Amino acid sequence: MRLSLKQLFQQISAVGCANGLAGRQLGCESAAHVLQNSSLLKQCRIPVKWEAIVKEVNSGRHLDAMPGVRETMRKLADQTRETIKKEGEVLVVAGDHSSAIGTWSGVSTAMRDVGEIGLIWIDAHMDAHTPATSGTGNIHGMPVAHLLGYGDSHLASIGDNFPKIRPENLCLVGIRSFEPAEQQLLDYLGVRVFFMEEVERRGIAEVMQEAHHHVTRQTSAFGMSIDIDGFDVADAPAVGTPEKDGIRADEFLQALLRLDLRGLIATEIVEFLPKFDDAHKTSEKLVVNLIETIYQTKFFQTQATESILRRAHS
Ligand SMILES: [Mn+2]
């Protein structure tokens, strides 16, 4: 019986993205560096190995940010694609949620020969605007539309010309703030949305089980894109676009423990705005808790399965 290096030295391969120009408020571009230097994260039971921190290209704000965002997202996609090919998984800690265009373009194109990927999108917002429908021009409100193949053709064709996520393999969880144009696009495409009302009625654990089933039933791997504004403001105060009455973090962490994470290929955590955190570092702790819970659960489940299979074949 031989253990692979991966099993002996479990670690998380992380990519940072220091972006913030596509958000409503500046500041979350520092999140990746804050996490990289976080003493809380250094105490994490699974060590984090930083592969790269992608720097942001600045071409302005709102829609003027577009040329810069295209460049930044191409670089981020290259990093996540390479990390998936080399390590088989990736954790992305980014700033504003426009990062998702780069993260999932890279993950999706790395997996193109293997199969489609599924995605669970945790957020207060739908992020399903296009440049044509957005009132603010803030691209952090547009990544879902672009991953589905809509909006700016440059952003929608990073890596290749196919949609990066098929609508039937995507679901949104925790939604409580959106505009009609966003809902129209998602309704038209048949994307499953678990609004906050449904999360409250059924509980986040049951919702996450169904979300997991939804994104894994016809894919070869799945990811989670976690906008921390999806959580209640009490649990994640340091965000640029807070919406009240969100997902309770402790309930979400409990739900993760009971989720089958063996097929999890990538996790993205975004919209942490360090300068808005409280004296207790509540938001930073949440990010670290998410990383630790997700990867401890995943590694434990993977190892347990492997040891059972080894015994069955010995
Ligand atoms: Mn978002």
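No experiment lies behind these values; they were computed from the predicted model shown. As the structure lists them, so they are numbered: ligands from 1, and atoms in each ligand from 1. Note that the numbering runs from 1 along the sequence shown for the chain.
At a cut-off of 2.8 Å, measuring from the Mn ion (ligand 1), the protein N, O or S atoms that fall short of it are H97 ND1, D123 OD2, D127 OD2, D227 OD2, waters left aside.
When each of H62, R24, H97 is tested with N138 by the rule side chain to side chain donor-acceptor pair (under 3.5 Å), just one qualifies, namely H62.
I122 and F222 fall within the same hydrophobic cluster, where Ile, Leu, Val, Met, Phe, Trp and Tyr residues are linked whenever their side-chain heavy atoms come under 4.5 Å apart, directly or through other members.
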Quiz prompt | Test log, rule side chain to side chain contact (heavy atoms under 4.5 Å, CB included), inputs H125 and R176 | solution = CA-CA 6 Å; H125 312 96; R176 54 199 184 275; over 6 Å; no

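Note that the CG atom of L91 and the CD atom of E268 stand 9.5 Å from one another [nearest 0.5 Å]. Atom-to-atom distance recorded for C17:SG and D96:CG is 8.0 Å, nearest 0.5 angstrom.
Between the side chain of S283 and the backbone N or O of A236, no donor-acceptor pair lies under 3.5 Å.
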